[in-house]
Colleague: 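Would you mind keeping the following structure in view while I ask a few things?
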Amino acid sequence: MSKVIGELPEIRGKIKECIEVIKNIVEGVNKLTYEELEKIARENWPELLEERHIEREKVLPPLHGAVEGKVVTRLAPNPDFPLHLGNARPALLSYWYAEMYKGKMILRFEDTDPRIKAPYPEAYNTIKEDLKWLGITWNEEYIQSLRLPLFYGIARKLIERGGAYIDLCDSKTIRTLRVQGKACPHRELPVEKHLEEFDKMLEGYYSEGEAVLRVKTDLSHPDVSVRDWIALRVIDTSKTPHPVVGDKYIVWPTYNFAAGVDDHLMEVTHILRAREHLTNTIKQKYLYKHMGWKYPETIHFGRLSLEGLVLSKSKMRKLVLEEGIRSLSDPRLGTLQALRRRGIVRETIWKLIREVGIKQTDAKVSLVNLYALNRSIIDPVANRYMAVEEPVYLQLSGFSGELEASIPIHPSREEKYVYRIKSGDIVMLSRADFSTIKNSVFRLMGLANFKISRIDVWNDTPVYVAELHSIGYEESRKLNAPIVQWVLWGESIVGDVIITKGYKVLKKQFYLERRVLSEKVGSIIQLYRIGFVRVDEVSRDRLILIYAHE
RNA sequence: GCCGCCGUAGUAUAGCCCGGUCAAGUAUGCGGGCCUUUCGAGCCCGUGACCCGGGUUCAAAUCCCGGCGGCGGCACCA
């Protein structure tokens, strides 16, 4: 029924009559057997029997009110910590939309709290590096602490327009009044008085806590925090100097004032930010109304969390203190630096954020999903190497001359690495593999098929003697022989693989093919049957690898 | 406690604004098969969801009301 209306929308007016007709037809059709139906379909509408497989690529939904060439977005981080995965969402969305509409993106450091959330001097650069790694470019860059006189100017205009007042109440009094929805005595004083007090504030007449500038909102607003929120306050920068401007200023804007003013001055058209800013949007709109400005389009998306990974700055700081984490790129953290070090590539972050989109609901992404995305990108490019853990020694015998082993560097490429093996050479196997092959014919990957014939002991170490059974891969298939990885003794190098499990870090020692030394720091490789790892450090006789995922 | 936002498979997401080709698409995961000199990748098959209850309507994932659940905000933080 619905299908018919969908295809023939013009019958909409006569639905009641149609129902009878359709009912009869459907009853008739229902009496037919499946075979009869199939026959009719094949004769009349063969295309119906063909399966369609449509893959739609996910694209960003259009931005409300966006005009090509005019869109301005901004990313406004507090430079108190490097960027983490959660920050990648507003960062990439702001960037993508600016690109999509051929507009521009602004990077603005919101560092207007030298007291409680004091900026880290290094973070200004770290954040820029994080953004560059993400592949984000921006057109303009600002630091709010260098713009304080601008905020003072706007504040003065706001007072003149009757939109703000200097409040000299102590915090206890004002708290009580606000909850009751009552005005404090200062609110209704004449504009001239407020301008005067504002000057006194700037001159340093008042100390911390004695005077604030409040924006007039609605004293009966259901959300108490919206009622006459604070725009500027006094911070004693002789005690807590600001890393950029030192103790030059003692009157500082709050987030809502600074962000609100700057979004206007910088002509931001679209704000993309997380849901926790919903109330801030409401607060800032009062400021815009007083000033007669137009508030930008705003999108509030949900929070992004990654199962098993800490993304909150405060929790990460705590971890750093408690777990003795020295570097913010420690693989246990959720910083972009840390993810990068764990072998997560930029394209994965892009795919992930694009997938998650701009929904208002929170997204809890599982690590398995993140790994799957990452694998799809690194698998085609990661070189393969053999590696063994807890080596068992095997001496190869039963042949004369040389055997040739060709190890694919990547299964989908022709390129091979060739070893020449002589009778008597020793190879290493993982202990776990050894237990499955000790009684049967097995294949050393890329080399030949062997069977263990006896045990020797050299300097207290058992060495198993393996006799050549056959060379070809076909034989091993016929016998259903297991294929194991191996590393040639003397052609090996020790690699420490760092594995992150929650807040624990394990270190496992592997012996790898020595040819891995041609890999550079930062490259991602796959150890056959172990997983993907990122080369973290390389020296002549050792390397450090960080485990990414299977 | 007060205020607000949001509920589609294990997870993420499409569809919701504008009710009908939605007996709900895609990805990932999981189960099975094929292929393969990795237990990787690829290919094929299967699995599995509209939070609950009412209402409006010929027709509700979509609109309305009520519950329940999750999350966020309630700073002289950003």
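Residue numbering restarts at 1 for every chain, and letters A, B, ... go by the order of the sequence lines.
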Colleague: Taking the ring centre of each residue, are A:Phe109 and A:Tyr124 less than 6.0 Å apart?
Modeller: yes
Colleague: The side chain of A:Asn369 is closest to which nucleotide in this list: B:U11, B:G29, B:U37?
Modeller: B:U11
Colleague: Answer with base, sugar-phosphate or nothing: what part of the nucleic acid does A:Arg443 contact at a heavy-atom distance below 4.0 Å?
Modeller: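 Result for A:Arg443 = nothing.
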Colleague: Separation of A:His300 atom NE2 from B:G4 atom C1', in whole Å?
Modeller: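 Atom NE2 in A:His300 sits about 12 Å away from atom C1' in B:G4.
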Colleague: If you pin A:Ile358 and A:Asp379 to their nearest nucleotides in RNA chain B, which one's is more 5'?
Modeller: A:Ile358
Colleague: Quick one: salt bridge (charged side-chain N to carboxylate O under 4.0 Å, His left out) pairs with a partner in residues 376-385 of chain A, sequence neighbours left out?
Modeller: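 Output for this query lists A:Asp379-A:Arg384.
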Colleague: In this structure, how many angstroms lie between the C1' atom of B:U38 and the CD1 atom of A:Ile409, rounded?
Modeller: 16 Å
Colleague: Tell me, do A:Leu63 and A:Ile299 make a side-chain contact under 4.5 Å, heavy atoms counted?
Modeller: yes
Colleague: Give the rounded distance in Å between these two atoms: CZ of A:Arg477 and P of B:U37.
Modeller: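 Those two atoms, CZ and P, are 7 Å apart.
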Colleague: Give A:Pro380 one of three labels, base, sugar-phosphate or nothing, depending on what nucleic acid heavy atoms sit under 4.0 Å from its own.
Modeller: nothing
Colleague: Starting at the 5' end of nucleotides 62-78 of chain B, put B wherever the base has a protein heavy atom under 4.0 Å, S where only the sugar-phosphate does, and a dash everywhere else.
Modeller: --------BBSSS-BBB
Colleague: If the threshold is 4.0 Å, N to carboxylate O, is there a salt bridge linking A:Glu414 and A:Lys416?
Modeller: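 No, this pair does not count.
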Colleague: How far, in whole Å, is B:C17 from B:U11 if one measures between their P atoms?
Modeller: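 So the two P atoms sit 25 Å from each other.
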Colleague: Roughly how many Å apart are B:C43 and B:C35, using the C1' atom of each and rounding to a whole number?
Modeller: 8 Å
Colleague: Answer yes when A:Asp167 and A:Arg214 have at least one side-chain N-carboxylate O distance shorter than 4.0 Å, and no when they do not.
Modeller: yes
Colleague: Rounding to an integer number of Å, can you tell me how far A:Leu373 CG sits from B:U11 P?
Modeller: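 The answer, rounded to whole Å, is 17 Å.
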Colleague: Mind calculating the distance between CG (A:Leu527) and P (B:U38) to the nearest angstrom?
Modeller: 15 Å
Colleague: Decide if atom CD of A:Gln180 counts as having more than 12 heavy atoms of other residues, nucleotides or ligands within a radius under 6.0 Å.
Modeller: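 Enclosed.
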Colleague: With rounding to the closest Å, how many angstrom separate the C1' atoms on B:C65 and B:A12?
Modeller: 31 Å
Colleague: Can you list every pair that meets ring pair (Phe, Tyr, Trp, His ring centres under 6.0 Å) and has a residue in residues 356-381 of chain A, with sequence neighbours left out?
Modeller: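 Those involving residues 356-381 of chain A are A:Tyr371-A:His549.
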Colleague: For A:Arg354 and B:U26, give me the distance from atom CZ to atom P, rounded to whole Å.
Modeller: 21 Å
Colleague: Any N or O donor-acceptor pair linking the side chain of A:Glu355 to the base of B:U28 at under 3.5 Å?
Modeller: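 It does not, because no donor-acceptor pair links the side chain of A:Glu355 to the base of B:U28 below 3.5 Å.
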Colleague: Please report the distance separating the P of B:C18 from the corresponding atom of B:C64, rounded so that it comes out in whole Å.
Modeller: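 The same atom, P, in both gives a distance of 9 Å.
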Colleague: Show the atom names and distances, to 0.1 Å, of all donor-acceptor pairs under 3.5 Å that link a side chain in residues 357-365 of chain A to residues at least two apart or in another chain.
Modeller:
residue, atom, partner, partner atom, Å
A:Lys359, NZ, A:Thr361, OG1, 3.4
A:Asp362, OD1, A:Arg303, N, 2.8

Colleague: Quick test of your reading of the model: are A:Glu197 and A:Lys200 salt-bridged, counting only N-O distances below 4.0 Å?
Modeller: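 Looking at A:Glu197 and A:Lys200, the cut-off is met.
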Colleague: Verify the distance criterion only: is there a donor paired with an acceptor across the side chains of A:Tyr295 and A:Asp263 at less than 3.5 Å?
Modeller: no
Colleague: Distance check, C1' atoms only: B:G19 and B:G55, in whole angstrom units.
Modeller: 15 Å
Colleague: Could you spell out the base pairing of RNA chain B in dot-bracket, with Watson-Crick or G-U pairs whose two distances are under 3.5 Å, [ ] crossing and | to another strand?
Modeller: (((((((..((((......[....))))((((((.......))))))...(((((..]....))))))))))))....
Colleague: I'd like to check the ring pair (Phe, Tyr, Trp, His ring centres under 6.0 Å) partners of A:His300; sequence neighbours left out, ordered by chain and number.
Modeller: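 Per chain and number, A:His300 pairs via ring pair (Phe, Tyr, Trp, His ring centres under 6.0 Å) with no residue.
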Colleague: Which of the following nucleotides, B:U13, B:U38, B:G29, is nearest to the side chain of A:Tyr528?
Modeller: B:U38
Colleague: With rounding to the closest Å, how many angstrom separate the P atoms on B:G66 and B:U47?
Modeller: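 Going atom to atom, P in each nucleotide, I get 39 Å.
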Colleague: Please state the C1' separation for the pair B:A23 and B:G29 - nearest whole angstrom.
Modeller: 25 Å
Colleague: Tell me: CG of A:Leu479 to P of B:U37, nearest whole Å?
Modeller: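 Going from CG in A:Leu479 over to P in B:U37 covers 16 Å.
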Colleague: What's the CG-P distance between A:Leu352 and B:U11, to the nearest Å?
Modeller: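 Those two atoms, CG and P, are 16 Å apart.
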Colleague: Name the residue closer to the 5' end of RNA chain B, choosing between A:Lys416 and A:Val368 according to the nucleotide with the nearest heavy atom.
Modeller: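 Nearer the 5' end of the strand: A:Val368.
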Colleague: Between B:U37, B:A12, B:G40, which nucleotide gets closest to the side-chain atoms of A:Ala363?
Modeller: B:A12
Colleague: Side chain of A:Pro222: nearest nucleotide among B:A12, B:U11, B:C3?
Modeller: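 My answer, after comparing the listed nucleotides, is B:C3.
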Colleague: When the P atoms of B:C51 and B:C6 are considered, how many whole Å apart are they?
Modeller: 14 Å
